[in-house]
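As structure tokens, the structure follows; a few thoughts come after it.
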Amino acid sequence: IINELTIETRVRPVFDEGELYTWNGRIWELMPEEDIEKRVTARFDGQTHCRKKPEYQQIVKHVCSLCRCRNYFADAPFGVVTPNGFRRLESDGRWSEEQPDPGQRQRFGLSVDPEDVATPMWDLYLEETLDTGIPEEGQEQIHVLQELAGSSIAGLGTRFHIAALFKGEGATGKSTTLSVIEAFCPSHYVSAVSPMDWSNRNELAGIVGKRLNIVGELEVNQKIPSAV
């Protein structure tokens, strides 16, 4: 089965972060477990030790085990794969264009040519929304907010180990700001796992492979677990 997939895609499949991925020529695509089972069925159905569902599942697990490559995707360079190439984010903040790295799993459908452009309406919105009466403090908050948004789009948000909590009265721009940030990221790369559930491994699995996790209103009288 592994040889079949390797011949079809010209690249050996990779099992990492609990999932099996196959190469489509530009990025890695998740191969659902049921698709692996179908291949197992087509090749081994009815043979000795391959007649019950648990036996098929054992073969699936064995296939995944043979393709295991720890931290394969975690070690991939940061950037965005688009139809016109791979935009890599350099350590000095510049974007460079190159061929997609083998570790990329996410592709944006929009062709992107990053460049510095004027954003007067967005700048004014941030200045008014984050106005604390202290110019330096407001600018610092704007810098952190845009850093969080940019790092999420580029796929390196988790490296900062920071979560942002927007606190304020109603109609102060919290939801609008979240909506703008979310609009930059394709919906299938966005999750909404509440921090109340981050200590639950099953719930936390919903964040794997995502670039942005956004949650709306939190319960006023409910505390975020200390373990988080």
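Below, each value reflects all heavy atoms present in this structure, side chains not excepted, and no hydrogens, waters or symmetry copies.
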If you measure from CD1 on Ile1 to CZ on Arg43, what distance do you get to the nearest 0.5 Å?
6.5 Å
Salt-bridged, Glu8 to Arg39, with N to O below 4.0 Å?
yes
Leu20 and Cys64 have their tightest heavy-atom pair at CB-SG, 4.4 Å
Could you go through the side-chain hydrogen bond (donor to acceptor under 3.5 Å, both in side chains) check for Trp28 and Glu19 one step at a time?
CA-CA 11 Å; Trp28 290 97; Glu19 304 285 0; over 6 Å; no
Of all heavy-atom pairs linking Lys174 and Glu217, the shortest is CE-OE2, 4.5 Å
Give, for atom CZ of Arg12 and atom CD1 of Ile7, the distance between the pair rounded to the nearest 0.5 Å.
12.0 Å
Interatomic spacing from CZ in Arg68 to CZ in Phe15 - rounded to 0.5 Å:
5.0 Å
Interatomic distance, CD1@Ile36 vs NZ@Lys61, rounded to 0.5 Å, equals 12.0 Å
May I ask you to test the Ile2-Leu66 pair for a side-chain heavy-atom distance under 4.5 Å?
yes
Intermediate values then yes/no, side chain to side chain contact (heavy atoms under 4.5 Å, CB included), Leu126 and Gln146:
CA-CA 10 Å; Leu126 290 178; Gln146 299 205 119; 3.5 Å; yes
Hey, do the aromatic rings of Tyr72 and Tyr21 have their centres closer than 6.0 Å?
no
Are Val11 and Met31 connected in a single hydrophobic cluster, I mean Ile/Leu/Val/Met/Phe/Trp/Tyr linked by side-chain heavy atoms less than 4.5 Å apart?
no
Nearest 0.5 Å please: distance from the CD atom of Glu17 over to the CG atom of Leu30.
11.0 Å
Does the side-chain hydrogen bond (donor to acceptor under 3.5 Å, both in side chains) test come out yes or no for Tyr125 and Thr177, once each step is laid out?
CA-CA 9 Å; Tyr125 168 78; Thr177 302; 2.8 Å; yes
Are the side chains of Asn213 and Val190 in touch, meaning some heavy atoms are under 4.5 Å apart?
no
Heavy-atom count check: over 12 atoms from other residues, nucleotides or ligands less than 6.0 Å from Glu140 CD?
no
Closest approach of Ser191 to Gly206 (non-hydrogen atoms, all atoms of both residues):
CB-O, 3.6 Å
Can you list the steps and then say if Asp45 with Thr41 is a side-chain hydrogen bond (donor to acceptor under 3.5 Å, both in side chains)?
CA-CA 5 Å; Asp45 191 33; Thr41 301; 5.6 Å; no
Is the CD atom of Glu34 crowded by more than 12 outside heavy atoms at less than 6.0 Å?
yes
Under a 4.5 Å cut-off applied to non-hydrogen side-chain atoms, are Glu128 and Leu124 in contact?
yes
Check whether any side-chain heavy atom of Leu145 lies under 4.5 Å from a side-chain heavy atom of Phe166, and answer yes or no.
yes
Does the side chain of Tyr56 come within less than 4.5 Å of Cys50's, by heavy atoms?
yes
Quick check against the 3.5 Å criterion: does Thr172 have a side-chain atom that pairs as donor or acceptor with the backbone of Gly168?
no
Go through the steps for Ser194 and Leu218 under the test side chain to side chain contact (heavy atoms under 4.5 Å, CB included), then give the verdict.
CA-CA 8 Å; Ser194 171; Leu218 300 178; 4.0 Å; yes
Nearest-0.5 Å distance, CG of residue Leu204 to CZ of residue Arg201:
8.0 Å
Side chain proximity check, Val180 to Trp122, heavy atoms < 4.5 angstrom:
yes
Should Glu127 and Ile142 count as side-chain neighbours, where that means a heavy-atom distance under 4.5 Å?
yes
Between Leu212 and Glu182 the two heavy atoms that sit nearest each other are CD2-CA, 3.8 Å
From CA spacing to verdict: side-chain hydrogen bond (donor to acceptor under 3.5 Å, both in side chains), Thr132, Glu137
CA-CA 7 Å; Thr132 64; Glu137 186 178 272; 3.0 Å; yes
Determine whether Val215 and Val193 make a side-chain contact, defined as any pair of heavy atoms from C-beta on separated by less than 4.5 Å.
no
When you measure from the side chain of Asp197 to the backbone of Asn200, do you find a donor-acceptor pair of N or O atoms at a distance under 3.5 Å?
no
